[in-house]
Amino acid sequence: MTQPPPVLENEFETEDIFVNMGPQHPSTHGVFRMVLTIDGELITDVTPYVGYMHRGAEKLCETMDYRQGIGYMDRTEYLANFNAELSYVMAVERLAELEVPERATWIRMILCELNRLSSHFMFLGAFGTDVGVFGTAFVYGFRNREVIQDLFEEITGDRLMFAYFRAGGLAWEVPDNFETRVREVLKDSREGLRELDGLMTQNEIFRARTEGVGVITAEDAIDWGTSGPTLRASGVPMDIRRDEPYLFYDQVDFDVITGDHGDVFDRFYGRIREASESIKIIEQCLERLEPGPIVPDRLPRMLRTPAGEVYTRTEAPRGEYGIYLVSKGGNRPHRLKIRSACLSNLQALRDMTIGGYVADAVVILGSLDIVLCEVDR
């Protein structure tokens, strides 16, 4: 019996294709660039490039007195200014051994949690467009963020660069209708979260684009030094507000939100749930807010610190925001180093992205909620 001829398989030579995203790509969340190596539609490698926004903020702070340096914190973390200011002034207060009045501490907590709310609304709006299915989410998110920004403007006189916290307390007293206005904002924010949750979380297209995408395990998330919602989405219950309480966080009740899968969806949904916890924290702070001073007695006009070094860290909306401060005495830092939550979280981008599709790259990057001014400083 005659054997059939052998089937010859065609052999093709393939080449890797390099896709450049950024630094001006509309989906890169700032001046950020990543080069994707792809095989067909699959990503085989990712090379991130940072540094386009470097302005030398840390070195500039070393030429300014302690009050002037506050403004550079605002420009570093421009979506969570109060949280950045807080880490800085807490470092100065530890060096100078300043005791912050109780009223100023409660107000700081309220403003930092409101800032967390406004930052998460910004994320939810931008992320809807990253996924490519919700222009409406962008409008909803910015609508609610605008209400919070209006309150910040009433308190500080500015919409973005607040420079309101001071070493020892606050720059000036809040308006007389502060409590009423905060409760109005919380009511609006609670309704906005409900609408965004209904719009995005239960949508089949949104879930298909986010579930099982950009997964990072708890072990890898820890090894890469991630923090904040990125770390907690992988199931690690680490929250500095609870584990190393500062301000009066040990006197309020709130839940630490964690995820189960460490994917894009968990990083998204964790922020919705965290925003609800922020509302709960603020309401408790308002109940405890009493009249009193907002700065210590006899606070010098030009603050000077003894020689020493400190590291302070707080739970900012994107994770651990730390300040390492070295003083040789005098009215300005000798050395200042910022521990960027965004830069550390960005280190895990390659592990999250390899093996995914090209269309997933922007979604994964968006789920990290990076601020490039904080990455590059």
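We number each residue from 1, following the sequence as shown.
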[X] bridged to [Y] by N-O distance under 4.0 Å:
| X | Y | answer |
| --- | --- | --- |
| E102 | R288 | no |
| R103 | E290 | no |
| R116 | E277 | no |
| D150 | R181 | no |
| R271 | E274 | no |
| R190 | E184 | no |
| R207 | E204 | no |

Looking at every heavy atom in both [X] and [Y], which two are closest together, and how far apart are they?
| X | Y | answer |
| --- | --- | --- |
| D376 | G51 | OD1-N, 2.8 Å |
| Y246 | I240 | CE2-CG2, 4.0 Å |
| I43 | V46 | CG2-CG2, 3.6 Å |
| M73 | C61 | CE-SG, 3.6 Å |
| C112 | N83 | O-ND2, 3.4 Å |
| S118 | R145 | O-CD, 3.6 Å |

* Y324 and side chain to side chain donor-acceptor pair (under 3.5 Å): which partner among E309, R339, E58? ->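 It is E309; the other options fail the test.
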
Pair [X] and [Y], ring centroids less than 6.0 Å apart:
| X | Y | result |
| --- | --- | --- |
| F152 | F162 | yes |
| F121 | F142 | no |
| F268 | F206 | yes |

Indicate every side-chain donor-acceptor pair of residues 221-228 with a distance under 3.5 Å to a residue at least two apart or in another chain.
| unit_1 | atom_1 | unit_2 | atom_2 | d |
| --- | --- | --- | --- | --- |
| W224 | NE1 | D351 | OD2 | 2.7 |
| T226 | OG1 | A221 | O | 2.8 |
| S227 | OG | E320 | N | 2.8 |

* **More than 12 heavy atoms of other groups within 6.0 Å of Y311 OH** =>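 Counting neighbours around OH of Y311, more than 12 heavy atoms of other residues, nucleotides or ligands fall under 6.0 Å, so yes.
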
* Asked: Quick one: side-chain hydrogen bond (donor to acceptor under 3.5 Å, both in side chains) partners of R55, sequence neighbours excluded?
  ->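 Partners of R55 under the side-chain hydrogen bond (donor to acceptor under 3.5 Å, both in side chains) test: none.
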
* Partners passing side-chain hydrogen bond (donor to acceptor under 3.5 Å, both in side chains) against D188 (at least two apart in sequence or in another chain) ->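 Counting only residues at least two positions away or on another chain, D188 forms a side-chain hydrogen bond (donor to acceptor under 3.5 Å, both in side chains) with N144.
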
* Asked: Do L325 and R94 have side-chain heavy atoms sitting under 4.5 Å apart?
  ->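 Result no, sub-4.5 Å side-chain heavy-atom pair not found.
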
* Could you walk me through whether E374 and S340 pass the side chain to side chain donor-acceptor pair (under 3.5 Å) test, one step at a time? => CA-CA 6 Å; E374 189 206 293; S340 164; 2.6 Å; yes

